[in-house]
Amino acid sequence: MTLRPLFQRPLFQRSLLAIALGAGLIGPASAAERELLNSSYDIARELFSAINPDFVAHWQETQGEEVAVSQSHGGSSAQARAILQGLRADVVTYNQVTDVQALADGDLVDAAWQEALPNNASPYYSTTAFLVRKDNPKGIESWDDLVREDIGIVFPNPKTSGNGRYTYLAAWGFADQHFDGDEEQIHDFMRTFLRNVAVFDTGGRGATTSFIERGRGDVLISFESEVNNIRSEYGSDDYEVIVPPVSILAEFPVAVVGPNAERNGTTDLARAYVEYLYGEEAQRTLAGFNYRVHHEAVVEEFADAFPETELLRVEEVFGGWDEAMEAHFASGGLLDQLQRR
């Protein structure tokens, strides 16, 4: 298959528009008096380009007010830091609990934010899956295939990417289960896994470019939603998605940035926006972008799209995100130690 240059692809062009909106380079299309800014993770550009117009129409229909929604995208942690440094986002839709918690620790999000909305304030979720090339030439089916000598892996750097942290923790969780908690065998498994990484990009989009455009590695590891979206864009006949039998629960938390919304005069709009993500219309859009959702009717409608897999929880395997971040991803932590040996 001949691939068009990235800048010629519709999804990429829509991404550029979303980036420009988020950076304030392009104003909202309408003359709305109130505008909501959603700070989100790197690979959610197309998703919210689809959701935002629906929310705007919903608000116009139910409240009789014309509003606008703009986006700011980047690595989830980088977006959180930008808000701490002054970005006046009204809401956040992230892929890491720790990034919302960082805002709560900075008194920008309510301390009880996870109780404010259903499912730990996560209206949708995903897991980690594999994208392989046509006919799966290396026969990759699960995590233990990724420590073979002939395998090259591509996924984002866990130091800079929430996506990458989920991949690392999913591999660790598999090894923990497979070796019945034997620490030495888990460490050996993870050393080999990390040694097989062909390239560590800083974020999910960079990893996609390395695998698709540059032909690096044998398998791209990312969120299930993302690898399915990549396959749809770049050729469903040229790639296959593998959901391993054991993976990790990846929650996508949302919250209102209270002080910003109050200062911007958008508190009611911000609350309505995050609540809207739980409604049937938004849940159907989310499922269409290959995210797993909670709405019963939508779950049933899309049941065939999501293979069954055992989803490990960070809290159960690692004691929680604070513990995982300190033990594995802090300077000198296990990730650094395993890469040095």
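Along the sequence shown, residues are numbered consecutively beginning with 1. Note that these values count all heavy atoms, side chains included, but never hydrogens, waters or copies made by symmetry.
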A.B. asks: Under the side chain to side chain contact (heavy atoms under 4.5 Å, CB included) rule, what do Phe130 and Leu220 come out as? Steps first, then yes or no, please.
C.D. replies: CA-CA 6 Å; Phe130 310 152; Leu220 172 68; over 6 Å; no
A.B. asks: Would you say the side-chain atoms of Thr266 pair up with the backbone N or O of Glu262, donor to acceptor, closer than 3.5 Å?
C.D. replies: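 The answer is no, because no donor-acceptor pair under 3.5 Å joins these two groups.
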A.B. asks: Less than 6.0 Å separating the ring centroids of Tyr234 and Phe211?
C.D. replies: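 Ring centroids of Tyr234 and Phe211 are no less than 6.0 Å from each other.
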A.B. asks: Would a line drawn from the ring center of Trp143 to the ring center of His178 be shorter than 6.0 Å?
C.D. replies: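 Ring centroids of Trp143 and His178 are no less than 6.0 Å from each other.
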A.B. asks: Could you tell me if the side chain of Val246 sits less than 4.5 Å from the side chain of Gln177, heavy atoms only?
C.D. replies: yes
A.B. asks: One pair to check against side chain to side chain donor-acceptor pair (under 3.5 Å): Ser39 and Gln79. What are the steps and the verdict?
C.D. replies: CA-CA 6 Å; Ser39 168; Gln79 286 289 294; 2.9 Å; yes
A.B. asks: Do any N or O atoms from the side chain of Thr285 and from the backbone of Glu281 form a donor-acceptor pair under 3.5 angstrom?
C.D. replies: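 Judged by distance alone, yes, a pair lies under 3.5 Å.
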A.B. asks: Which residues pass the salt bridge (Lys or Arg N to Asp or Glu O under 4.0 Å) test with Arg34, not counting sequence neighbours?
C.D. replies: Glu65, Asp268
A.B. asks: Side chain to side chain donor-acceptor pair (under 3.5 Å) between Arg165 and Thr160: does it pass, once the steps are laid out?
C.D. replies: CA-CA 8 Å; Arg165 286 191 283 275; Thr160 57; over 6 Å; no
A.B. asks: Can you confirm whether the side chains of Thr202 and Asn157 place a donor and an acceptor under 3.5 Å from each other?
C.D. replies: no
A.B. asks: Determine whether Leu108 and Ile83 make a side-chain contact, defined as any pair of heavy atoms from C-beta on separated by less than 4.5 Å.
C.D. replies: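 Yes - at least one pair of side-chain heavy atoms lies under 4.5 Å apart.
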A.B. asks: Please confirm whether the ring centroid of Tyr168 lies under 6.0 Å from the ring centroid of Phe329.
C.D. replies: yes
A.B. asks: I'd like to check Glu226 versus Thr208 (side-chain heavy atoms, cut-off strictly below 4.5 Å). Are they in contact?
C.D. replies: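 Glu226 reaches Thr208 side chain to side chain.
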A.B. asks: Using the benzene-type ring in the case of Trp, are the ring centres of Phe200 and Phe155 under 6.0 Å apart?
C.D. replies: yes
A.B. asks: Report all side-chain donor-acceptor pairs from residues 290-309 shorter than 3.5 Å, counting only partners two or more places apart or in another chain.
C.D. replies:
| from | atom 1 | to | atom 2 | distance (Å) |
| --- | --- | --- | --- | --- |
| Asn290 | ND2 | Asn229 | OD1 | 2.7 |
| Tyr291 | OH | Tyr41 | OH | 2.8 |
| Arg292 | NE | Glu224 | OE1 | 2.7 |
| Arg292 | NH1 | Pro307 | O | 3.4 |
| Arg292 | NH2 | Glu224 | OE1 | 3.4 |
| Arg292 | NH2 | Glu224 | OE2 | 2.9 |
| Arg292 | NH2 | Pro307 | O | 2.9 |
| His294 | NE2 | Ser122 | O | 3.1 |
| His295 | ND1 | Ala297 | N | 3.3 |
| Glu301 | OE1 | Arg284 | NE | 3.0 |
| Glu301 | OE1 | Arg284 | NH2 | 2.9 |
| Glu301 | OE2 | Arg284 | NE | 3.4 |
| Thr309 | OG1 | Pro244 | O | 2.7 |
| Thr309 | OG1 | Pro245 | O | 3.2 |

A.B. asks: Keeping Ser49 on the side-chain end and Arg45 on the backbone end, is there a donor-acceptor pair under 3.5 Å?
C.D. replies: yes
A.B. asks: Indicate if Tyr276 and Trp113 have the same hydrophobic cluster label, given that clusters are the connected sets of ILVMFWY residues with side-chain heavy-atom separations under 4.5 angstrom.
C.D. replies: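 Same cluster.
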A.B. asks: Could you tell me whether the side chain of Ser247 and the main chain of Thr128 form a donor-acceptor pair under 3.5 Å?
C.D. replies: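 Flag set: sc Ser247 to bb Thr128 pair under 3.5 Å.
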A.B. asks: Answer yes or no: is there a side-chain heavy-atom contact under 4.5 Å between Gln101 and Trp321?
C.D. replies: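 Of all side-chain heavy-atom pairs linking Trp321 with Gln101, none is under 4.5 Å.
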A.B. asks: Using a 3.5 Å distance criterion without hydrogens, assess whether the side chain of Ser40 forms a donor-acceptor pair with backbone atoms of Thr93.
C.D. replies: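 Looks like yes, one N/O pair under 3.5 Å.
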A.B. asks: Under 4.5 Å between side-chain heavy atoms, hopping through other hydrophobics if needed: is there a path connecting Tyr273 to Val67?
C.D. replies: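 Yes, one cluster joins them.
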A.B. asks: How would you list, by chain and number, every residue that makes a salt bridge (Lys or Arg N to Asp or Glu O under 4.0 Å) with Lys134, sequence neighbours excluded?
C.D. replies: none
A.B. asks: Can you list every pair that meets salt bridge (charged side-chain N to carboxylate O under 4.0 Å, His left out) and has a residue in residues 85-107, with sequence neighbours left out?
C.D. replies: none
A.B. asks: Using residues 249-256 as the side-chain source, report each donor-acceptor pair under 3.5 Å to any protein atom, sequence neighbours left out, with the distance given to one decimal.
C.D. replies:
none

A.B. asks: Check whether any side-chain heavy atom of Ile140 lies under 4.5 Å from a side-chain heavy atom of Ile151, and answer yes or no.
C.D. replies: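 Side-chain contact under 4.5 Å: yes.
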A.B. asks: List the atom of Ala170, the atom of Ile248, and the distance in Å for their closest heavy-atom pair.
C.D. replies: CB-CG2, 3.7 Å
A.B. asks: Does Gln337 use its side chain to pair, donor to acceptor, with the backbone of Gly332 at less than 3.5 Å?
C.D. replies: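 Checked: pair present.
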A.B. asks: Between the side chain of Asp135 and the main-chain N/O of Pro137, is any donor-acceptor distance below 3.5 Å?
C.D. replies: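 No, Asp135 side chain to Pro137 backbone: no donor-acceptor pair under 3.5 Å.
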A.B. asks: Taking ring-ring contact (aromatic ring centres under 6.0 Å, His included) as the test, write out the residues that go with Phe48, two or more places apart.
C.D. replies: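 Phe48: no ring-ring contact (aromatic ring centres under 6.0 Å, His included) contacts found.
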A.B. asks: Go through the steps for Val314 and Val97 under the test side chain to side chain contact (heavy atoms under 4.5 Å, CB included), then give the verdict.
C.D. replies: CA-CA 11 Å; Val314 171; Val97 170; over 6 Å; no
A.B. asks: May I ask you to check whether Trp172 and Tyr166 place their ring centres under 6.0 Å from each other?
C.D. replies: no
A.B. asks: Mind running salt bridge (charged side-chain N to carboxylate O under 4.0 Å, His left out) on Glu240 and Lys138 for me, showing each step along the way?
C.D. replies: CA-CA 12 Å; Glu240 295 181 20; Lys138 295 293 182 76; over 6 Å; no
A.B. asks: Between Arg148 and Glu141, does any NZ, NE, NH1 or NH2 come within less than 4.0 Å of an OD or OE carboxylate oxygen?
C.D. replies: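 Judged by the 4.0 Å cut-off on N to carboxylate O distance, Glu141 and Arg148 do not form a salt bridge.
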A.B. asks: What's the separation between atom CG in Leu338 and atom CZ in Arg195, rounded to the nearest 0.5 Å?
C.D. replies: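 The CG atom of Leu338 sits 10.5 Å away from the CZ atom of Arg195.
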A.B. asks: List the steps and the verdict of salt bridge (charged side-chain N to carboxylate O under 4.0 Å, His left out) for Asp238 and Arg231.
C.D. replies: CA-CA 8 Å; Asp238 296 301; Arg231 181 172 181 256; over 6 Å; no
A.B. asks: Between the side chain of Asn260 and the main-chain N/O of Val257, is any donor-acceptor distance below 3.5 Å?
C.D. replies: no
A.B. asks: Closest heavy-atom contact between Asp218 and Asp150?
C.D. replies: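 It is OD2-O, 3.3 Å.
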A.B. asks: Taking the side chain as C-beta and beyond, is there a heavy-atom pair between Asn38 and Phe55 under 4.5 Å?
C.D. replies: no
A.B. asks: Carefully, step by step, assess Glu35 and Ser70 under the rule side chain to side chain donor-acceptor pair (under 3.5 Å).
C.D. replies: CA-CA 7 Å; Glu35 179 181 352; Ser70 294; 2.3 Å; yes
A.B. asks: Is the side chain of Thr62 donor-acceptor paired with the backbone N or O of His58 at a distance under 3.5 Å, no angle test?
C.D. replies: yes
A.B. asks: Do Phe189 and Val147 make a side-chain contact, defined as non-hydrogen atoms from C-beta onward lying under 4.5 Å apart?
C.D. replies: yes
A.B. asks: Would you say Met190 and Leu312 are hydrophobically clustered, going by side-chain heavy atoms of ILVMFWY under 4.5 Å?
C.D. replies: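 Shared cluster, yes.
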A.B. asks: Would you confirm whether Asn119, through its side chain, and Pro123, through its main-chain N or O, come within 3.5 Å as a donor-acceptor pair?
C.D. replies: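 Checking the backbone N and O of Pro123 against the side chain of Asn119, no donor-acceptor pair under 3.5 Å is found.
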A.B. asks: Tell me whether Ile51 is reachable from Trp59 by hopping between hydrophobic residues (I, L, V, M, F, W, Y) whose side-chain heavy atoms are closer than 4.5 Å.
C.D. replies: yes
A.B. asks: In the structure I gave you, are the side-chain heavy atoms of Leu335 and Leu194 within less than 4.5 Å of one another anywhere?
C.D. replies: yes
A.B. asks: Test side chain to side chain contact (heavy atoms under 4.5 Å, CB included) on Phe289 and Ser225; report intermediate values, then the result.
C.D. replies: CA-CA 6 Å; Phe289 275 81; Ser225 51; over 6 Å; no
A.B. asks: Ignoring hydrogens and geometry beyond distance, is a side-chain donor-acceptor pair present between Thr209 and Arg216 at under 3.5 Å?
C.D. replies: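 Thr209 vs Arg216: no donor-acceptor pair found between side chains.
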A.B. asks: Under the side chain to side chain contact (heavy atoms under 4.5 Å, CB included) rule, what do Asp42 and Asn163 come out as? Steps first, then yes or no, please.
C.D. replies: CA-CA 10 Å; Asp42 186 36; Asn163 188 336; over 6 Å; no
